[in-house]
Amino acid sequence: MDKALLSKTAAAMVAGGKGVLAADESAGTCEKRFSSVGVECTEENRRTYRNLLFSTQGVEKFLSGVILFDETVRQKANDGSLIPQYLAKKGILPGVKVDKGLVNIPFTKEEKVTEGLDGLQKRMKEYFDLGCRFAKWRAVITIGADIPTHTCIYANAHALARYAAICQEASIVPMIEPEVLLDGDHTAERSEEVHEATLRATYAAMAAYNVSIEHLILKTSMVVSGKSNARQAGVDEVAERTVRVLRRTVPAAQPGIVFLSGGQSDESATAHLNAMAAMKNPWPLTFSYSRALQNPALKAWRGQTGNVAAAQKAFHHRAQMNGLASQGKWKAELEKQAA
Ligand code: 13P
């Protein structure tokens, strides 16, 4: 375990004005995204699309890192170098999603736990040799009648902690992602309660497995109203509730916190981040979005070479807006542009 390297990586991931692009969609998720714009989900199309994103000129000003899917770690950039090396040359940290997806937990209402711990130590060593400097593991917590159960929260917290310890041992910074889904008709109050219970259990498990808080990044969902609840909490309420939960549960020793977008609109994800980053917090806050960074680019691209420039422009714009939001400067910039 190289503590100096872990510290350097974690600090770089949340460096001022930058955030992380999640481009680690599994082949199945990628299929869904591609089919929404009429693109066939072949290995070559996935490579082409991701290269479009990574080769966007100047995007490195706003991206500290990219989370890759295993397939992409082994693919080549347009200049012939392996993608992790290509990113590193641009000053962007290559990361990798190492979990193997979700399975149902027996004797629950189809609550999920994340698989992928078997053989992880060996895989982690290989990822380090391939240039990956951080990793991601996503756990999913669903809100509904009588759920999440203690069983679900506990099982996921322990898997996250075992994963995080394995990462640190291999000198790879663990990004731990306990995502509380926004699907459902629950209130923002209920989301806040579930986030608190989830994060408490997660950090208790980190302590139980001797995970070093100084070398850890949390990737969290925001406390928003359930998607189908008629009352949607506004930007300030989301920011207040989210930051309150984080202050209660996340140690100040941690180098930073990043957010997923979780199906929020692009603008909402940016506005929420901006409001939170404008508060005085013990840790830097930034983005680690997939959909909220990629959606406009994907829609502009539609698999056509002639659309690459427009897609890159759209991607650059969202990255820039979120870079500003991570410093609490997005709203002021919008007002300036409107004036
Ligand atoms: P979204 O921002 O689309 O929620 O994706 C982030 C992510 O990495 C989910 O695991």
Side-chain angles (χ1 to χ4, degrees), residues 13-14 19-34 36-37 46 49-50 53 62-73 92-102 112-116 132 134-143 156 159-160 163-164 173-184 191 195 198 202 217-224 226-227 238 242 256-274 276 285-299 314-315 318-319 321-323 325-326:
M13 286 167 75
V14 293
V20 176
L21 164 68
D24 59 332
E25 300 82 3
S26 61
T29 304
C30 211
E31 172 113 47
K32 265 194 254 161
R33 304 275 149 81
F34 276 19
S36 73
V37 294
R46 292 192 290 270
Y49 171 64
R50 283 164 172 157
L53 298 176
F62 317 111
L63 291 187
S64 57
V66 175
I67 315 169
L68 304 167
F69 188 55
D70 178 82
E71 173 187 273
T72 323
V73 172
I92 299 174
L93 288 162
V96 59
K97 187 239 297 288
V98 301
D99 70 67
K100 296 209 162 174
L102 311 173
K112 312 290 180 200
V113 70
T114 308
E115 290 195 312
C132 299
F134 72 98
K136 178 188 116 175
W137 178 286
R138 174 173 177 254
V140 169
I141 310 291
T142 308
I143 304 182
N156 279 296
L160 279 166
Y163 142 81
V173 170
M175 182 186 264
I176 53 169
E177 183 185 16
E179 175 176 1
V180 178
L181 296 181
L182 52 71
D183 303 306
S191 173
H195 274 86
T198 300
T202 301
I217 297 288
L218 171 68
K219 172 160 176 167
T220 181
S221 35
M222 299 178 196
V223 178
V224 296
K227 199 165 66 181
V238 168
T242 307
I257 299 176
V258 300
F259 294 97
L260 60 98
S261 58
Q264 301 176 40
S265 71
D266 312 337
E267 287 273 320
S268 294
T270 307
H272 289 150
L273 174 62
N274 188 73
M276 291 188 281
L285 303 178
T286 190
F287 59 90
S288 175
Y289 301 153
S290 159
R291 282 163 287 179
L293 278 172
Q294 293 186 44
N295 278 344
L298 190 61
K299 281 195 198 118
F315 176 56
R318 289 266 43 97
M321 292 302 106
N322 285 303
S326 72

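All ligand and atom numbering here is 1-based and tracks the order in the structure.
Just one residue in the list Arg138, Arg46, Arg50 forms a salt bridge (Lys or Arg N to Asp or Glu O under 4.0 Å) with Glu25, and that residue is Arg50.
If you look at ligand 1, the protein residues with a non-hydrogen atom under 4.0 Å away are Ala22, Lys136, Arg138, Glu177, Lys219, Leu260, Ser261, Gly262, Ser288, Tyr289, Ser290, Arg291.
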After noting the C-alpha distance and the side-chain angles of Gln264 and Tyr289, does the key distance pass the side chain to side chain donor-acceptor pair (under 3.5 Å) rule?
CA-CA 10 Å; Gln264 301 176 40; Tyr289 301 153; 6.0 Å; no
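With sequence neighbours left out, the salt bridge (Lys or Arg N to Asp or Glu O under 4.0 Å) criterion links Asp70 to Arg74. Ile92 meets the side chain to side chain contact (heavy atoms under 4.5 Å, CB included) test with Glu60, Leu63, Val66, Leu87, Lys90; sequence neighbours excluded.
Applying the salt bridge (Lys or Arg N to Asp or Glu O under 4.0 Å) test to residues at least two apart or on different chains, none of the pairs has a partner in residues 287-299.
For the pair Arg318 and Asp266, the minimum side-chain heavy-atom distance is below 4.5 Å.
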